[in-house]
Asks: 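Handing you a structure now.
Here is how names work: the chains are called A, B, and so on, in the same order as the sequence lines, proteins then strands, and each is numbered from 1. As a basis for the values below, the full set of heavy atoms in this structure was taken, side chains included, without hydrogen atoms, waters or symmetry mates.
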2 protein chains.
Amino acid sequence: MEILKPSECRSCCPIANALDILGDRWSLLVIRDMMMFNKHEFGEFIKGPERIATNILTDRLNCLQDCRIIASRRHPTHKNKKIYYLTQKGKDLLPVLVELILWGGTYRAAPDMPKAHFNKIKRDPKKFMQTTLHELKTWEQKNL
Amino acid sequence: MEILKPSECRSCCPIANALDILGDRWSLLVIRDMMMFNKHEFGEFIKGPERIATNILTDRLNCLQDCRIIASRRHPTHKNKKIYYLTQKGKDLLPVLVELILWGGTYRAAPDMPKAHFNKIKRDPKKFMQTTLHELKTWEQKNL
DNA sequence: CTGTATCCTTAGGGATACTG
DNA sequence: CAGTATCCCTAAGGATACAG
């Protein structure tokens, strides 16, 4: 996927601008993995249930870095790998993910969906978001 | 774009399931036009600032109907055209759009973005959603 | 194992012609 | 004008080989 410069955006609509980056089938899943499942390494993303291909993952990680939704640094011990983490811009996508879960969980859920997050969110979205952000913070303090 | 049957979904994650339908650069813009700009006809969608192509519009209108996010009926006077409108499933995407606007308006806005909706939403998202849904209701009572 | 590159097929989608 | 179909090119992305 190609990153659009602001001048190349399709319109000045904030939804269109958001979709210019996030409007594909993979980007938000990577962000989901970082936000909800505490994943930070290449191999962790690969193991997701959607079976993202390695080249696609590389591409999305780079795109998301280019537009400052995530950032990375070298792994402290394994120096040839990286740790990816969300920037503030990335963390601010949490409400979007939450609403997508509520909608997708209501209307598009496979019958065998493990409704873990969904039920928690449905009960108290605000609290869920607080907890999630708190966990991210904890991870950051330990790892960044 | 092809509609996936539930059995073909990439995973049982509600986000992935939602993206299986909405994860492209156009679908949510059509929904935005219906939700926020009170558009209901082919020609109205075409006139949007993003210049969607006629074949893409046809395709998305059909996809969105197939998965019951929108519905259509014959135009009362011009019998060779249709009126498109949101189902409940479609209207329930309003919170997603709102969060996308907040995020896109904060981080991706072109400098000349007319911040009409953005400012209103930022001030009071709940109220904005109420108003929007009320306007849709009003339109429905008059036109459906 | 992390990450990139290459090959190759298909899907997305722009331009435009066309039908009712 | 509403909506569809065709042409055609580019981008998305799966499989897999490869490099560090």
Asks: Roughly, in whole Å, what's the span from CG in B/L61 to C1' in D/dC1?
Replies: 15 Å
Asks: Could you state the atom-to-atom distance from CG of A/N62 to P of D/dG13 in whole Å?
Replies: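 The distance from CG of A/N62 to P of D/dG13 comes to 15 Å, rounded to the nearest Å.
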Asks: Output yes when A/R25 and B/D24 qualify as a salt bridge under the 4.0 Å nitrogen-oxygen rule, no when they do not.
Replies: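 Looking at A/R25 and B/D24, the cut-off is not met.
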Asks: Are OP1 or OP2 of D/dA2 and a side-chain N or O of B/Y84 less than 4.0 angstrom apart?
Replies: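 For D/dA2, neither OP1 nor OP2 has a side-chain N or O of B/Y84 closer than 4.0 Å.
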Asks: Has the side chain of A/T54 got a donor or acceptor atom sitting under 3.5 Å from an opposite partner on the base of C/dT2?
Replies: no
Asks: Taking CD1 from A/I70 and P from C/dG3, how many angstroms apart are they, rounded to a whole number?
Replies: 11 Å
Asks: If you assign each of B/I83 and A/W26 to its closest nucleotide in DNA chain D, which residue comes earlier from the 5' end?
Replies: B/I83
Asks: Return the NZ to NE2 distance between B/K82 and B/H75, rounded to the nearest 0.5 Å.
Replies: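 Answer for the NZ-NE2 pair, B/K82 versus B/H75, is 13.5 Å.
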Asks: Among the candidates D/dG13, C/dT2, D/dG3, find the nucleotide nearest to the side-chain atoms of A/R25.
Replies: D/dG13
Asks: Indicate, with a heavy-atom threshold strictly under 4.0 Å, whether B/R60 touches base, sugar-phosphate, or nothing.
Replies: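 If one applies the 4.0 Å heavy-atom cut-off, B/R60 turns out to touch the sugar-phosphate alone, with no base involved.
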Asks: Between C/dT6, C/dT2, C/dG13, which nucleotide has the shortest distance from any of its atoms to the side chain of A/N55?
Replies: C/dT6
Asks: Salt bridge check: are B/K91 and B/E140 linked by an N-O gap of less than 4.0 Å?
Replies: yes
Asks: Write down the distance between CZ (A/F42) and C1' (C/dT2), rounded to a whole number of angstrom.
Replies: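 These atoms are roughly 6 Å apart.
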Asks: When the distance from CG of A/L57 to P of C/dG3 is rounded to whole Å, what number comes out?
Replies: 8 Å
Asks: Going through the checks in order, is the salt bridge (Lys or Arg N to Asp or Glu O under 4.0 Å) test met by A/R32 and A/E50?
Replies: CA-CA 12 Å; A/R32 170 204 65 182; A/E50 291 88 8; 2.9 Å; yes
Asks: Expressed in angstrom and rounded to an integer, what is the separation of A/E50 atom CD from D/dG14 atom C1'?
Replies: 15 Å
Asks: Decide yes or no, distance alone: a donor-acceptor N/O pair under 3.5 angstrom between the base of D/dG13 and the side-chain of A/D59.
Replies: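 No, no donor-acceptor pair under 3.5 Å.
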Asks: Taking atom types as they are modelled, would you say the side chain of A/N80 forms a donor-acceptor pair with the base of C/dG3 within the 3.5 Å cutoff?
Replies: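 By the distance-only test, no, there is no pair.
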Asks: Could you please name the option among C/dT2, D/dG3, D/dG14 that lies closest to any side-chain atom of B/K82?
Replies: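 Looking only at heavy atoms from C-beta outward on B/K82, the closest nucleotide is D/dG3.
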Asks: D/dA2, D/dG3, C/dG13: which one has an atom nearest the side-chain heavy atoms of B/T58?
Replies: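 Between D/dA2, D/dG3, C/dG13, the one nearest the side chain of B/T58 would be D/dG3.
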Asks: Parallel, tilted or perpendicular: which one describes the rings of A/W139 and A/H40, with boundaries at 30° and 60°?
Replies: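 Parallel, since the angle between the ring planes stays under 30°.
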Asks: From CD of A/Q65 over to C1' of C/dG3, roughly how many Å is that when rounded to an integer?
Replies: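 From A/Q65 CD to C/dG3 C1': 12 Å.
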Asks: Touch check for B/F45, heavy atoms < 4.0 angstrom, all strands: base, sugar-phosphate only, or nothing?
Replies: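 Nothing, no nucleic acid heavy atom in range.
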Asks: Figure out the NE2/P separation between A/H78 and C/dC1, and round it to whole Å.
Replies: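 Taking atom P of C/dC1 as the reference, NE2 of A/H78 is at 11 Å.
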Asks: Kindly point out which of C/dT2, D/dT4, C/dT4 is positioned nearest to the side chain of A/E41?
Replies: C/dT2
